[in-house]
Protein chains: 2
Amino acid sequence: MNQGIALSDVRITDGFFSRYASLVRTEVIPYQWAALNDRIPGAEKSGCIRNFRIAAGKEEGEFTGMVFQDSDLGKWLEAVAYSLTTNPDAQLEATADEVIELVASAQREDGYLDTYFIVKEPKNRWKNIRDCHELYCAGHLLEAAVAYFRATGKRRFLDVMSRYMDCILTVFGTEAGKIPGYPGHEELELALCKLYDVTGESKYLRLAKYFIDQRGQQPLFFIEELKTRGDTFHWENNDGYDLRYFQAHEPVRQQQDAVGHAVRAVYLYTGMADVAMRTQDEELKAACRRLFRSIVDKRMYVTGAIGSTHEGEAFTFDYDLPNDTAYAETCASIGLIFFMKRMLQMDHDAIYADVMERALYNTVLAGMGLDGKAFFYVNPLEVLPEASREDPGKHHVKPERQKWFACACCPPNVARLLSDLGEYIYQQDDCGVTVNLFIGSRVQLDGMTLTQTSGVPFDGRVQLTISCAGEKTTVLRVRKPFWAGAVSASLPYTEDKGYLVFDRVWRDGDALTLDFEMPVRRVYANPLVRQDLGKVALMRGPLVYCIEQADHGPNLHLLSLKQDAPVAVLTLPDGPLCGLPALTAPGVRLAPDGSALYRSEPLRAAEPARLTFVPYFAWGNRGLGEMAVWVRE
Amino acid sequence: MNQGIALSDVRITDGFFSRYASLVRTEVIPYQWAALNDRIPGAEKSGCIRNFRIAAGKEEGEFTGMVFQDSDLGKWLEAVAYSLTTNPDAQLEATADEVIELVASAQREDGYLDTYFIVKEPKNRWKNIRDCHELYCAGHLLEAAVAYFRATGKRRFLDVMSRYMDCILTVFGTEAGKIPGYPGHEELELALCKLYDVTGESKYLRLAKYFIDQRGQQPLFFIEELKTRGDTFHWENNDGYDLRYFQAHEPVRQQQDAVGHAVRAVYLYTGMADVAMRTQDEELKAACRRLFRSIVDKRMYVTGAIGSTHEGEAFTFDYDLPNDTAYAETCASIGLIFFMKRMLQMDHDAIYADVMERALYNTVLAGMGLDGKAFFYVNPLEVLPEASREDPGKHHVKPERQKWFACACCPPNVARLLSDLGEYIYQQDDCGVTVNLFIGSRVQLDGMTLTQTSGVPFDGRVQLTISCAGEKTTVLRVRKPFWAGAVSASLPYTEDKGYLVFDRVWRDGDALTLDFEMPVRRVYANPLVRQDLGKVALMRGPLVYCIEQADHGPNLHLLSLKQDAPVAVLTLPDGPLCGLPALTAPGVRLAPDGSALYRSEPLRAAEPARLTFVPYFAWGNRGLGEMAVWVRE
């Protein structure tokens, strides 16, 4: 199996995304480092670094924060590794080396490395796998270690984490004396595949495969473990969750629907795809495809968001996609992107890149404010600030991005994805060279350099230029995006699985110009999605658009878009969204009359209204107000 | 102030309601007695009677149940008292007498009487007024005592409860050494007014007025009490509630909106109206009217239900009336009926009877199954069984009535209202004789007997016959119901505040025939109710109708009613709803095609469909299925 393109081989030159990568480098990574070190005035203490210091015997004190606090450092170090790859920074690297030494010094003799249990509950190691995130934290630290090794070539962190994995290998398994368990929050499975890739040690792949295959087997481990613990839980109110929350209700190969906690689900599916590809496991691949179809055909928002309910941060049931109570967590869409990357490697079908692009340009980017300083965890498709304030069922729906969170999960996840974006644009394997995302960049491939310029997401012109010594025969596959109208290419092509296929001999300086028409698209949900019936969403390119109170005043629900009316594209001339495109179209605003709550005549009084749609990823940057993606038509 | 009509003066002869009263007598009261005595096989133990036995020293053991378990006995005894009034039953009365002796023997020397604190936390009396329902339980037992005294003339229970009130009088107040508190769950206020009415003791009215006036005064008692307790709570997760939950955030006279826990709110407003009328307090009356308008203009479902969210079982904000996540508790509509009864006495305006009738015929009756054996707490206006199962945000919405509940609040409340219904039909005071509800019955008034026959809720013919010795000069006011089309009366009338006024000399045998045309009405919500925009509900008479899966198959949301199409009325010929009216009308069913979740064409394919609407109160009697009140038009 080909491991794809290394981040170091890609340089992003895209104006749109460079800005985001730069924000991650200049805002998010430094801010997060300060947060991990409890240096943000007024913010709740993270305690993360201090926990490691206490575990290492360098400081006295109590453990601070959540049981999964260690994972924050893992995500930060992973983002740092990617950042160092694309933007070397000796000072940042020195800081990272130092904290890696701290991590190493916290490690126990036997390789164990989880500060919560080292500091707070030393007797309870591996006693509550279901709730306590030991294997999850191990996974994030391991991902960071692999990324840091790839970025710097330094083995220190990788060795520390390999020792920890060797410890875990002695603890988990179906053999007598071992714990027949698996992660309560999946993550380690995919991380172990990365460790296998850089070390070639098959024991790590076997451990990943064990975790995947053991999950949901009878007798159900989480039930058995609970009995052993005497029905105690780490989290309050956690006993209400059934095992679907953990995707641990039945063996993963038998699972038909994407269920439970959405982040857990897509991390699991990512690990499943990783294992399936590395072991040529067709049954497991089929399960991945089936779970993908469950998401994409029945359980995904038009923004590429997943998770219909905040209770359990979970999937609910087919076609249940409430806009105003959505969970639609930023991290879940990031996990979906991880999953899509694997499925692209597995099946070479552009549909996975379509979903990846949808999630990236809408939910992931919406997760971060335009200034890189504030974040959404929850990405609703409809917001009424009064409801967020007064309806406890919508308290999770924040109408404004928040500065940081006690559970610092989404911001570092955004940081690690955006700083690693180079790994998602291209693919090189037996099928040739594939262009999945249209992001301006230059990539070093076997024997050639490919340079991409792209107007996406604002216009559909893409140029690819080849540079090579002499000639290079290879298949170049360029995704034909789902949003394209007419397609024209400057070279002849065939089509396969959603790609334009250019199978030819390339010469230095060859250029390929693609014009993907980017019409405004009226999008309708399947009528079984009851929340969207009678409504329309506008898309142009990969971007979903929305209406905001800033342009229309309150009571957005009174607005409707005229059927078949032309939609114009313009560039916003000023304000916080200056330079972004907007869509405008004629519509109608119902004009409420009278104060009776119930009446015998429907409201028919209406006045013409001009509707303005702005990119969804940029919503909530103009003060508190209502927002809606789906508009009556 | 006139205290209205005694229950003993009214005999209900109405076919529709006699059936319900009979179910209460033959099913609910005996079942509940068995439940209070832990004699229901398979049901969770109530422990209620046993708690009293333990408190009385007649049995050893631990307290069982909720902190408000005593109130179950209060509600049961109150229902029994009403039942004995209308249907004397020596055996039931003997049972009641016996349990009243048990209650008396549990009372402490100083009058205190709450089994939870007597048995379980003797040191913590009056330490957590906010959470622990001592004053609430006292209120329900007191209501029962007054009802039992009125029903039987026996003073025993009344004396016990008067002693308890005298104890409470020594404990609460703003004087030095007293607790400046007030009920965490309102109820005692209205009960004290009843005690004042039967005893004439002004100290009880003063205590009620104190509780009303002290509520929400600075410094806020519930905050101060919390500090004293060291921020501990009786209920898990209760710390999230702000004081609006208790209507204790500001003095009640200043409150503008109906807020917080809906049952608490309407019990409070009932007590406010009781005190305002008995003290001629115009400011307090104005507050009652204002809070009524908040409910009826902005926060009430078309079914007369209140409470838009299950978290806190509470009001949310203006025009927020979600159909599928409604709390709409049966008890809250019962409390609203209590409130309306007082407002009718206060203002003699038919609008209060309109609201009373709306809540009674729809939400209260829906609360009980047609067999009297199963109950809804939550009365949603839209149900999707899959959502109730799979969406944690809708777990509170039961698609089928439940047999009983650990927190047995709604069934006994339904029982005490339906067995006391005779007190709600008529009013006699300085304005004359008023007919508020159209329920077949005979009432003894000063110097005359009035006999009513009524086709409501199925047809609008009402006949009133007077029987008196010689002549009787009085004003007869008959409500002109909000649902009436053309009105005709066999005698001349004027109109006042929503009433037809017949001011004349009545002679024995005089008859008044009223024909209230009962057209099918299409009802539309104020367009600011975003959940109902573009939808219509059908009413005929006081009944709201709904569509059910039993008549249409699944996916009710795909159905729409044709605008301006005629709606026919028929009588259901068979099945569980046999004999009930139904409405039928031509409609359209969207015909889903294709499986894509998102598409570029709206669904326009549709087929004709005949829609059948059944009375909302009878929904859920034909197996598990979808239901909807609001239908697209």
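The structure displayed is predicted, hence computed values, not measured ones. Letters go in sequence order (proteins before strands), and every chain restarts at 1.
Taking B/Lys298, B/Arg299, B/Met300 one by one and counting their heavy-atom pairs under 4.5 Å with chain A, the maximum is reached by B/Met300. The choice from B/Asp318, B/Val523, B/Asp324 that makes the most heavy-atom pairs within less than 4.5 Å of chain A is B/Val523. Most heavy-atom pairs under 4.5 Å with chain A, from the set B/Asp297, B/Leu597, B/Asn526: that is B/Leu597. Contact count against chain A (heavy-atom pairs under 4.5 Å) is highest for B/Tyr524 among B/Tyr319, B/Phe315, B/Tyr524. The residue among B/Lys535, B/Arg389, B/Glu626 with the most heavy atom pairs within less than 4.5 Å of chain A is B/Glu626. Taking B/Met539, B/Arg632, B/Arg599 one by one and counting their heavy-atom pairs under 4.5 Å with chain A, the maximum is reached by B/Arg599.
Heavy atoms of A/Ser595 lying under 4.5 Å from chain B belong exclusively to its backbone. For a residue to count as touching a neighbouring chain, one of its non-hydrogen atoms must lie under 4.5 Å from one of that chain's; by this rule A/Asp391 touches chain B with backbone and side chain alike. Of the two parts of B/Arg521, neither the backbone nor the side chain holds a non-hydrogen atom closer than 4.5 Å to a non-hydrogen atom of chain A. Both the backbone and the side chain of B/Asn555 come within less than 4.5 Å of a heavy atom in chain A. A/Arg604 touches chain B through its side chain: at least one heavy atom from C-beta onward sits under 4.5 Å away, while N, CA, C and O do not. At a 4.5 Å heavy-atom cutoff, the contact between A/Ala525 and chain B is made by backbone and side-chain atoms alike. Looking at B/Gln563, only its side chain comes within 4.5 Å of chain A, counting heavy atoms on both sides. Contact annotation for A/Leu528: both backbone and side-chain heavy atoms come within less than 4.5 Å of a heavy atom of chain B. For A/Val296, the part sitting under 4.5 Å from any heavy atom of chain B is the backbone (N, CA, C, O) and nothing else. Residue contact with chain B, scored on non-hydrogen atoms closer than 4.5 Å, involves the backbone and the side chain of A/Ala387 alike.
In this structure, A/His557 contributes its side chain and B/Pro527 its backbone to a donor-acceptor pair below 3.5 Å. For the pair A/Tyr598 (side chain) and B/Val302 (backbone), a donor-acceptor distance under 3.5 Å is present. Side-chain N or O atoms of B/His310 include none that pairs as donor or acceptor with a backbone N or O of A/Gly393 at under 3.5 Å.
Side-chain atoms of A/Leu384 and B/Arg530, non-hydrogen and from C-beta on, do get closer than 4.5 Å to each other. Side-chain atoms of A/Leu590 and B/Leu533, non-hydrogen and from C-beta on, do get closer than 4.5 Å to each other.
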A/Arg244/B/Glu390 under side-chain contact (heavy atoms from CB on, under 4.5 Å): CA gap, chis, key distance, verdict: CA-CA 11 Å; A/Arg244 290 185 303 170; B/Glu390 302 293 346; 2.9 Å; yes
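Legend: residues meeting side chain to side chain donor-acceptor pair (under 3.5 Å) with B/Glu386, ordered by chain and number and at least two apart, are absent. The salt bridge (charged side-chain N to carboxylate O under 4.0 Å, His left out) search around A/Arg522 returns A/Glu633, not counting sequence neighbours.
Summarising the geometry, atom OG1 belonging to B/Thr309 is positioned 8.5 Å from atom NE2 belonging to A/His395; distances are rounded to the nearest 0.5 Å.
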